[in-house]
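Beneath this line is the structure, given in structure tokens, with notes to follow.
Values reported hereafter were calculated over all heavy atoms of this structure, with side chains retained and with hydrogens, waters and symmetry mates removed. Just so it is clear: chains get the letters A, B, ... in the order the sequence lines come, proteins before strands, and each one is counted from 1. Small disclaimer: the values here were computed from a predicted structure and weren't measured.
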There are 2 protein chains.
Amino acid sequence: MAVIDAARKILDLEGPDALTMRHVADALGIRAPSLYKHFANKMAIEAALVTGAMVEIGEATHAALHGPGPGSPVGPVGTVGTVGRVLAAYRARCLGHAAVYRLATQSSFARDLLPAGLEDWAGNPFYVATGDPSLAQAVWSFAHGMVVLELDGRFPPGSDLDATWRAGAQAFERAGTTR
Amino acid sequence: MAVIDAARKILDLEGPDALTMRHVADALGIRAPSLYKHFANKMAIEAALVTGAMVEIGEATHAALHGPGPGSPVGPVGTVGTVGRVLAAYRARCLGHAAVYRLATQSSFARDLLPAGLEDWAGNPFYVATGDPSLAQAVWSFAHGMVVLELDGRFPPGSDLDATWRAGAQAFERAGTTR
DNA sequence: CCAGTCTGGCTAACGCCGTTAGCCCCTGTC
DNA sequence: GACAGGGGCTAACGGCGTTAGCCAGACTGG
């Protein structure tokens, strides 16, 4: 869909404030009200954007469950378990969709416009990787927090974020086996 | 400051969309432009709001370092270490400042308007509790993720979030001792 | 082949937003 | 008692999402 492509490009290249109906319409060579022939409102466009990103992220984390994929870093043999692989895939894809991810975490975002079950599906690899609901949610929270803080540049400059991801992965990996 | 009090009340009671200059002014019985005699712009008001919340949260987590405080849950003897106490204090205070916390995590929030060093000071208890920079950042990310997801209602209904906080605390607690 | 409907544009406008310019009154001070 | 300044005010600007209402062209049923 041309509208979504244009919106995505604006969001990525010019930031969230530039994502306005008039601006999107401009990029398509039409006027803002015409957009409402294709989408009910701005939130619907945002939801479509987020849906696309979530599908890609979900595909990556699902793939990570079944072995090292293209998104996984290569570390010392045997140090990266399933949790680590899922986290690495999650991180890579989320940072690849930085602006859209940020949009989805905005409190004003209308999560109920997403396809039913999408969020559960996307979160499922965390449950599979840990085998425990509480641990899965904890890992997901860690991952979400890391991405958000990384995206917003809230870690002190010079932080070794690879090490932080590793520290988290190891803590949860151990918790899963020692449980 | 009356402006901040009014803004805080509006934000808590009517939500982030209701936090407009005209609305805040209304609550004070004045007109919107008059607010600019007290604050440079809306972002300055938001920054003041966030500063207040961060100070309170920081005080609570610092206090938690030195023993069980009023914000700490009572569990089986010996199960809650320093990390657990800091996390419990963080959670309680953040949820107590839900709307402001949400505001501070908005990507549009101007973090550079906060007092210099405030963020570092507020995050320090995580470093003290873990004794390791990477682990501290991982714990902070976990905590931040949990609060955000909890605030946005993104966990499946019926989730035992106390258990999730506990799972995270234990994983990091163990990681700290086993390191 | 024509009539009709539907798709997808358009302009004008509304009510909201943050913000600025410029005015004026009231209070406190030398 | 002059005067400065703090803190109100109105009017207005440009931008936002969104709606109402209009109309050209394409597609389709008779």
Counting side-chain heavy atoms from CB outward, which of [options] is closest to [X]?
| X | options | result |
| --- | --- | --- |
| A:Lys37 | C:dT19, D:dC9, C:dC10 | C:dC10 |
| B:Ile30 | C:dT19, C:dT11, D:dG8 | D:dG8 |
| A:Lys42 | D:dG17, D:dG8, C:dA12 | D:dG17 |
| B:Ser34 | D:dG17, C:dC10, D:dC9 | D:dC9 |

Check: B:Glu150 and B:Val147 side chains under 4.5 Å, non-hydrogen atoms: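 When only atoms from C-beta onward are counted, B:Glu150 and B:Val147 do not touch, as no gap falls below 4.5 Å.
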
Mind calculating the distance between [atom1] ([X]) and [atom2] ([N]) to the nearest angstrom?
| X | N | atom1 | atom2 | value |
| --- | --- | --- | --- | --- |
| A:Glu46 | D:dC16 | CD | C1' | 13 Å |
| B:Phe39 | D:dG7 | CZ | P | 12 Å |
| A:His23 | D:dG17 | NE2 | P | 11 Å |
| A:Asn41 | D:dC16 | CG | P | 17 Å |
| B:Tyr36 | C:dA21 | OH | P | 12 Å |
| B:Asp26 | D:dG8 | CG | P | 14 Å |
| B:Leu35 | C:dG18 | CG | P | 10 Å |
| A:Leu28 | C:dG9 | CG | P | 9 Å |

Sugar-phosphate only, base, or nothing, as touched by B:Leu19 at under 4.0 Å among non-hydrogen atoms: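 Sugar-phosphate contact only - B:Leu19 comes under 4.0 Å of backbone atoms but never of a base.
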
Residue-phosphate contact under 4.0 Å: B:His38 side-chain N/O, D:dG6 OP1/OP2: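 False: B:His38 side-chain N/O out of range (4.0 Å or more) of D:dG6 OP1/OP2.
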
Side-chain N or O of B:Thr20 closer than 4.0 Å to phosphate OP1/OP2 of C:dC17: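 Result: yes.
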
Check: A:Arg22 side chain, D:dG15 base, donor-acceptor under 3.5 Å: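 No, the side chain and the base share no sub-3.5 Å donor-acceptor pair.
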
Inter-residue atom distance B:Glu173.CD - B:Thr130.OG1, 0.5 Å rounding: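 It comes to 10.5 Å.
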
Result of checking A:Leu95, A:Val50, A:Ile57 against A:Tyr101 for side-chain contact (heavy atoms from CB on, under 4.5 Å):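 So, applying the side-chain contact (heavy atoms from CB on, under 4.5 Å) to A:Tyr101 and each of A:Leu95, A:Val50, A:Ile57, only A:Ile57 qualifies.
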
Toward the 5' end of DNA chain C, by each residue's nearest nucleotide, B:Ala32 or A:Arg31: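 Final value for this comparison: A:Arg31.
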
Aromatic ring pairing B:Trp121/B:His62, orientation class (parallel under 30°, perpendicular over 60°, tilted between):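 It falls in the parallel class, under 30°.
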
Any donor-acceptor N/O pair, B:Arg22 side chain to B:Ala32 backbone, under 3.5 Å: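 No, B:Arg22 side chain to B:Ala32 backbone: no donor-acceptor pair under 3.5 Å.
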
